[in-house]
Structures are given as C-alpha cells and as structure tokens.
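Below is one structure, written out as structure tokens; comments come after it.
Just the heavy atoms: all of them, side chains too, but no hydrogens, waters or symmetry mates, feed the values below. These numbers were taken from a predicted model, which means no experiment stands behind them.
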Amino acid sequence: MKCENRPKPERALFEEADKFGIRCGFTFAILDDRCVIAALSFATDERRAGFARALLEHAQSLRLVATVFHEHAKRFWTIDRMVGGVVLSHLEYQCLEWSARGKSAGEIGIILGIAERTAGFHLDSARAKLRVSSVRQAIVLLTESKSRKWIASPP
C-alpha cells in the first residue's frame with residue numbers, strides 16, 4: 001500500500017500492521033448513549049477482496065459483536081468505580097476512598113505518589129461529578145454504594 005502521502009502517525013500505523021502481517025482490516029466505531037466512543041477492529045492477512053466479501057456477508061453480526069463487546073467491557077471496567085450511578089475515574093475513586101479513611105489531601109498524595117494539589121483536584125472532581133457540595137457528602141455516597149454492592153453480592 002502506498003503510504004508516502006499519508007501523515008506520519010498514519011504511516012507508522014500501517015508500517016506496524018505490516019510487520020504483523022496485517023494486509024487489511026475494518027474498524028467498527030461505537031458511540032454509546034453517553035457519547036463514549038470505542039472501536040473494535042477486525043484484521044486479516046488475506047487479500048482485500050476476500051476480506052471485503054466476508055465483511056459484507058457478516059457485517060450485521062460483526063456490528064452486533066462489537067456493540068455487545070463494548071457494553072460488556074464498559075461494565076467490567078467501571079462497575080467497581082460506580083458511586084451514586086456515576087462512574088468515577090480511577091484516581092477520583094482512590095482519592096475518595098482514602099478520604100473516607102480520614103486521610104487529608106496531603107496524605108493521599110503521599111500514599112498515591114501524586115501531589116497534594118492533584119489529590120485535591122481529584123477529590124473536587126469526584127464531588128462535582130456526584131453533584132454534592134462537599135467531599136464528606138461524596139464519602140456518604142461512596143459508603144452507600146459499597147454497602148449496596150455488598151448486599152447484592154456478599155463476600
């Protein structure tokens with residue numbers, strides 16, 4: 001494939017794919033109800049014509065596989081960080097957990113290896129996402145969500 005006129009990152013992608021024997025591929029873009037974008041790609045070392053025929057023949061099934069995979073992966077990666085129906089980032093959740101244990105932003109920073117300001121930023125971000133006015137209220141939501149998870153599936 002002629003890649004000289006493509007942007008450098010795109011050329012690098014094609015060159016790397018070529019190293020793995022990938023001759024062609026197709027990517028399903030997935031946009032969910034919260035405007036989260038994901039993608040699932042299918043690639044092959046076969047010639048384009050045979051791959052294109054298989055894609056056309058199985059397009060609906062492949063789209064379904066991509067969508068179901070995305071929904072499953074989204075739940076798998078985020079359910080442990082769900083608080084009050086809101087998914088917090090990994091650091092937001094960790095900072096909130098440490099704050100619930102009585103740690104200050106400075107102590108959280110030391111524990112997580114981040115700056116005190118960064119810990120404070122993530123605590124404030126969690127508070128804002130949860131639409132509460134204080135970190136203490138966010139901790140209450142965290143505690144409630146943990147007790148619901150425990151009731152739903154005891155250890």
Side-chain angles (χ1 to χ4, degrees), residues 1-100 108-109 111-115 117-132 135 138 141-155:
M1 172 184 293
K2 297 273 185 188
C3 296
E4 294 83 27
N5 296 330
R6 295 180 189 262
K8 190 174 182 176
E10 195 173 328
R11 276 197 322 266
L13 175 71
F14 281 107
E15 288 168 6
E16 187 173 353
D18 188 51
K19 288 177 187 173
F20 288 95
I22 297 173
R23 297 178 66 122
C24 61
F26 185 82
T27 299
F28 284 100
I30 304 161
L31 182 63
D32 70 9
D33 58 337
R34 287 193 255 150
C35 296
V36 174
I37 298 175
L40 183 62
S41 297
F42 297 91
T44 184
D45 60 355
E46 294 180 16
R47 297 214 174 267
R48 183 178 302 270
F51 187 65
R53 258 192 315 275
L55 276 174
L56 287 173
E57 186 178 329
H58 302 288
Q60 286 182 321
S61 298
L62 293 173
R63 160 87 46 210
L64 179 61
V65 166
T67 303
V68 170
F69 176 79
H70 175 64
E71 285 301 315
H72 177 74
K74 191 169 61 172
R75 276 191 304 244
F76 175 74
W77 288 322
T78 61
I79 195 148
D80 289 342
R81 294 183 281 113
M82 181 135 350
V83 176
V86 175
V87 177
L88 299 178
S89 76
H90 181 69
L91 276 174
E92 290 166 345
Y93 193 86
Q94 278 191 314
C95 289
L96 197 56
E97 278 192 314
W98 282 111
S99 184
I108 293 168
I111 292 165
L112 298 179
I114 58 177
R117 281 185 71 184
T118 304
F121 169 83
H122 288 293
L123 286 169
D124 193 48
S125 180
R127 181 201 53 74
K129 279 185 179 179
L130 296 170
R131 298 179 185 215
V132 294
V135 172
L141 291 176
L142 173 70
T143 305
E144 288 174 349
S145 72
K146 285 185 167 197
S147 66
R148 282 192 198 105
K149 288 175 191 171
W150 188 83
I151 290 169
S153 58

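The two residues G84 and S145 make their nearest non-hydrogen contact at N-CB, 4.2 Å. Nearest heavy atom pair, residue F26 against residue F51, reads N-CE2, 3.8 Å. Considering all non-hydrogen atoms of both residues, G21 and D45 come closest at O-CB, 3.0 Å. When every heavy atom of C95 is checked against every heavy atom of I108, the shortest pair comes out as O-CD1, 3.4 Å. Shown here for A119 and G109, the closest heavy-atom pair between the two residues is CB-N, 4.1 Å. Shown here for H122 and E92, the closest heavy-atom pair between the two residues is O-CG, 3.6 Å.
With rounding to the nearest 0.5 angstrom, the CD1 atom of I114 is 8.0 Å from the CD atom of Q94. The CD atom of E57 sits 10.0 Å away from the CG atom of L62 when rounded to the nearest 0.5 Å. Taking CD from E97 and CG from L112, the interatomic distance works out to 10.0 Å, rounded to the nearest 0.5 Å.
Among residues two or more places apart in sequence or in another chain, the side-chain contact (heavy atoms from CB on, under 4.5 Å) test is passed with A17 by I22.
The 12-atom threshold is not exceeded at CZ of F121, counting heavy atoms of other residues, nucleotides or ligands nearer than 6.0 Å.
Between V87 and Y93 the shortest side-chain heavy-atom distance does not fall below 4.5 Å. Using a 4.5 Å heavy-atom threshold, the side chains of S99 and L142 count as separate.
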side-chain contact (heavy atoms from CB on, under 4.5 Å) assessment of L96 paired with L130: CA-CA 11 Å; L96 197 56; L130 296 170; 4.2 Å; yes

